[in-house]
Every structure is written in C-alpha cells, then in structure tokens.
Amino acid sequence: VGAGTYKELLTMIPGIALIGAGMDSCMIDGRRTVPENYTMITGGDSSVIEGFHLRGGYPDYTNCIGIASDSLYGWSVKRISNNKISDFYIGIGLSGRVNTQVSNNIFVDNSCGIYPIFWARGLIINNTFTNHDNAVAMWTSAGPTIRKNVIINTTDKAIYGDFTDSMFFENNLVVIGKDYGVALGSYGGFKTAPIRNNTLIGDTTSSSLSDSYPVVHVDGFSNEIRNNIITKGYYGISASTYIGYGSNPQVSYNDLWNNVVNYDVYGSASIDTSLGGNIYLDPMFVGGDDYHLQYGSPCVDAGDPNIKDLDSSRSDIGCYGGAYGETYTYLDYPPKPPDSLSAVSESTVTILTWKPNTESDLSHYLVYKDTIAGFIPDTFKIVSNVPKDSSIFRDYDFVLGKTYYYRVSAWDLTGHRSEYSDELEVKATSVGEYTEQENRPPMRMQAPPILPCGVNRAPAIVPSLPFPLPS
C-alpha cells in the first residue's frame, strides 16, 4: 500500500500480507468516519500486517479496536509488526488459540495496547507502549510470552492478568505512571508465570496510602520472581489470597531498592525468599531515561548463577541481563554530587552533614572550605577526607562571628570525582547575637543552609548552641 491516508475498514484474506509504505507515511484513519463500535482490520488466517499507522477514534469512539486476531472465527493473524497503533480502546485483540507474533510496533495513547483472551498465546516482543491504562491485559487462560518491551507511563496496571495461564514476562522495561506495574491473579488457574530479568520502576508520588500500589502483585497463585530490579514503588512485591487460593511467590536474586515497603502480604499469603540472592542497593542506572547499568553497579553479575548473560558470564539483574538481554559496555560515571548540605554550630565545633551517596563503588568524600563566597575547590582548600560510610564533618577550626563556605565532593573506587556540591554558608555566633543576614544575589552552585529548626533559609547565620548535640 502506497503512502497516503485511508479511511476504511478491512477484512483480510487468509494468507495475504498487507504491507504499507511505513508508519510515518501510510495511515488508516478511523476518526469520525466509521461506526462507534468497529474493528479497523479483521485478520485472516496466516495473514501479515506491517508498515501502517493505524489511528482510531478513542475516546470519542469507546469500543474501537485496531486489529483482531481470533482463531475462533478464522482470523488468526501470523504476524503484526512495524506499525504505529494509536487512539484505540484496544490496539490489538488476540482471542482463541492464536499464536500471533506482535513485534516492533509503537503503541501510543490506547486504553489497552494488547488484549489476549481465551487461550491466546503468541509472542509480544520489542514493542514500545506509551500512555496506556494497560499495556497488556490478559483474561481467561491467555498466556503469551511478553519479552523485551518498553512500557512507559501506564495509569492502571501495566501488565494485568486475570485467571490467566502460562504467561512469561521477561526482559521488559516498565516505567509506571500510576498504579500497579505487574498484577497477576489466577485463583488456581496459573500453571506458570515467571517474572524474570525485568526492570520495573514504580510510582511513589502519591501522598495517600490508599492511592499507593505495589510494583509487582500476585493474587491467588505462586510463581517465580527472579533477577528483577524493582524500585520506587510504595510496595515492591505484594502477595494476597483470594477465594481460598493462596500465594507463595518464590522471590530470588532481585534488587529491591528505594521502595517504601519491599514486601507486603495479605491474608494467608506469604513470600518465599529462602533461595536468597536478593539485594537492596542502588542499581546505579546510567541516568535520565537510560536504565542500563553503570560500571560498579551491584546488579552486574549478581543474578541467578544458573542464568547466563549473552557473553556467558553470570547474569546481571535487570532487563538487560539474562539469555534475552544485551551485550553492552558498562560506562564508568562519577558519583552524584553530595546533596542537602546543612550545618549546626556549638561554641567549639561546626558540624556539617549531607545526604549519603548510594553508589556501591563509592570510596570517600572530600570537604572543602574557604572564607570567600563562590570559591573554586582545589587541593589547598581540602579540610577533610571523610570515609564512605559517614556523611558528617566536624570542624573545630573557626572563629565565632566569621563566615565560612563549604562544599563537598564524592569519589569512587576508580578515582572519579563527582561535581561539587552546592555551597553552604555558615556563620557561628552566640545565641544572643543571632540575626538573619540580608539575602545576597544568588550565585552559581549555592545552596540554602538548613537551620537547626529544619526551616530552609538562604543564606542565614547558624547559631552556636548552649548545649552539646546528642552523639
């Protein structure tokens, strides 16, 4: 099919390959030109659909479907690949004993990206899902293999399975916008549902416990949860019991990091961590939207030793490790700059603290001090080498009434230095002489200190205390 915009509904002839000029130039547009309840392309047995932008009318048309592959009616599509599928209630529906391969597609702004039901299998691989309620929602004994997909900004459940069977979820990157990451309920129906070598980033933006969700939740069955990075959720992994069916997932060789609660159980459910291998450390992602591991990450070569990476080494934890992962060079970045500097002062000591760095390859901190605002740290201004397991510096070398400026850097085991921290201004006076300074124009890399009462003010005098601080 040549480039252009087409407005029609299609029913495929069995065995035919429908190939468009490309998703950027060949569109089938379902907006405002078709009935509200429609399927844009009804598949035929062994047919192929490739190279289109299929655009639906959702949410104006609440029941529109992009492509239907259904063995019960002889619509079993062989392959759906290299398409952009957007603005549908359901992007692709898979029903019956189909074995459709859905690969290298871009799903955008659908309510549900792919909906496998009634024993549907198939391979869902190398797709990108952005802005969905559910990327994949499974029901009634459906069990596809979901592998090497990128799922961004889901607002209900990124992967949802209800009474499903024999699903495999491997090497996917999921960045949740809201709600659950992977939520699987079986009530005795699941034969297997391994969750292996995924990177699952939760959402902890909610301030309400009632609006806080697990990254991974299993309800009414037991499965394998192994070699995953599970981070930034309210709950990392939760398990519950439903209508008499218990849950006892086997959880091993995962990195659960920066969750409010790592494990949570309901009813008679339990979580089995007896196989070991779980760690609770900063995975050290490259940063931004790049979730590859840095050199020195605790997840490198820390997965199940029975699973190998593509280079035959012990598997990494996360979506780029294991048999379906990637071979790539671990980039060696410096640590993050120390953050949240604050200070209090007694008559004989100023105590400087900061938020500890979390990198596993951290070596030490250096503290710099000067009497000139906006100073450039160098070796002549180093006043302390602080071990990595501390984030406190006690300065006894100062004069009451004089103003000092501090900055801190972090260093890793290979000699990389972080950017310098923001500058902290400290002036110690007796409590009776405490006054607030006038604000001076902000300067580059200057941070407001935190007063002993916990109120941020920029800049301010730190009073000396008439009593010693607790040790």
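Note that the coordinates shown come from a computational prediction; the quantities given were computed from them, not determined experimentally.
Counting non-hydrogen atoms of neighbouring residues, nucleotides and ligands closer than 6.0 angstrom, the OH atom of Tyr6 exceeds 12 such neighbours. Crowding of Lys388 atom NZ: a count of heavy atoms from other residues, nucleotides or ligands under 6.0 Å not exceeding 12. Crowding of Lys308 atom NZ: a count of heavy atoms from other residues, nucleotides or ligands under 6.0 Å exceeding 12.
For Ser315, the side-chain hydrogen bond (donor to acceptor under 3.5 Å, both in side chains) criterion is met by Asn227, not counting sequence neighbours. Residues passing the side chain to side chain contact (heavy atoms under 4.5 Å, CB included) test with Asp289, sequence neighbours excluded: none. Scored by the salt bridge (Lys or Arg N to Asp or Glu O under 4.0 Å) test, Asp304 finds Arg226 as partners (sequence neighbours excluded). Taking Asp179 as the reference, nothing meets the side-chain hydrogen bond (donor to acceptor under 3.5 Å, both in side chains) condition, with sequence neighbours excluded. Among residues two or more places apart in sequence or in another chain, the ring-ring contact (aromatic ring centres under 6.0 Å, His included) test is passed with Phe129 by Phe107, His132. Under the side chain to side chain contact (heavy atoms under 4.5 Å, CB included) criterion, Ala183 pairs with Lys157, Tyr160, Tyr180, not counting sequence neighbours. With sequence neighbours excluded, the residues that form a side-chain hydrogen bond (donor to acceptor under 3.5 Å, both in side chains) with Glu359 are Asn357. His416 pairs by the ring-ring contact (aromatic ring centres under 6.0 Å, His included) definition with nothing, not counting sequence neighbours. Residues satisfying the side chain to side chain contact (heavy atoms under 4.5 Å, CB included) test with Tyr89, not counting sequence neighbours, are Tyr58, Asn63, Ser111. Scored by the side chain to side chain contact (heavy atoms under 4.5 Å, CB included) test, Arg417 finds Tyr368, Ser409, Trp411, Tyr420 as partners (sequence neighbours excluded).
The side-chain heavy atoms of Val367 and Val386, taken from C-beta on, include a pair separated by under 4.5 Å. Annotation: side chain of Leu54 is in contact with side chain of Ile41 (closest heavy-atom distance under 4.5 Å). Contact of the Met138 side chain with the Pro144 side chain is registered, since non-hydrogen atoms from C-beta on lie closer than 4.5 Å. Looking at heavy atoms from C-beta onward, Pro338 lies in side-chain contact with Ser418 at the 4.5 angstrom threshold. A 4.5 Å side-chain heavy-atom check between Thr5 and Ile28 finds every atom pair outside the cut-off.
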May I have the list of side-chain donor-acceptor pairs in residues 45-53 shorter than 3.5 Å, sequence neighbours left out?
{"residue": "Asp45", "atom": "OD1", "partner": "Ser76", "partner atom": "N", "Å": "3.0"}
{"residue": "Ser47", "atom": "OG", "partner": "Gly44", "partner atom": "N", "Å": "3.2"}
{"residue": "Ser47", "atom": "OG", "partner": "Gly44", "partner atom": "O", "Å": "2.6"}
{"residue": "Glu50", "atom": "OE1", "partner": "Arg79", "partner atom": "NH1", "Å": "3.0"}
{"residue": "Glu50", "atom": "OE2", "partner": "Asn82", "partner atom": "ND2", "Å": "3.3"}
{"residue": "His53", "atom": "NE2", "partner": "Ser86", "partner atom": "OG", "Å": "2.9"}

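A side-chain donor-acceptor contact under 3.5 Å links Asn278 to the backbone of Asn254. Tyr266 places no side-chain N or O within donor-acceptor distance of the main-chain N or O of Asp219, the cut-off being under 3.5 Å. Of the possible polar contacts, none joining the Asn149 side chain to the Thr128 backbone as a donor-acceptor pair under 3.5 Å is found. When atom types are taken as modelled, the side chain of Asn197 and the backbone of Asp316 share a donor-acceptor pair closer than 3.5 angstrom. At distances below 3.5 Å, at least one donor-acceptor pair connects side-chain atoms of Asn110 with backbone N or O atoms of Ile85. Checking side-chain atoms of Asn223 against main-chain N and O of Ala193 turns up a donor-acceptor pair under 3.5 Å. Ser247 contributes no side-chain N or O that, together with a main-chain N or O of Ala239, makes up a donor-acceptor pair within less than 3.5 Å. Here the side chain of Thr231 pairs a donor or acceptor atom with the backbone of Trp257 at under 3.5 angstrom. Checked by atom type and distance alone, the side chain of Asp70 pairs as donor or acceptor with a backbone atom of Leu72 at under 3.5 Å. A donor-acceptor pair under 3.5 Å is formed between the side chain of Asp29 and the backbone N or O of Arg31.
Salt bridge status for Arg55 with Asp87: present, with a side-chain N to carboxylate O gap under 4.0 Å.
Pro356 and Ser391 get closest at one heavy-atom pair: CG-OG, 3.6 Å.
For the ring-ring contact (aromatic ring centres under 6.0 Å, His included) condition, the pairs that include at least one residue of residues 271-316, sequence neighbours left out, are Phe285-Tyr291, His292-Tyr320, His292-Tyr328.
For Tyr115 and Trp139, the distance between ring centers is not under 6.0 angstrom.
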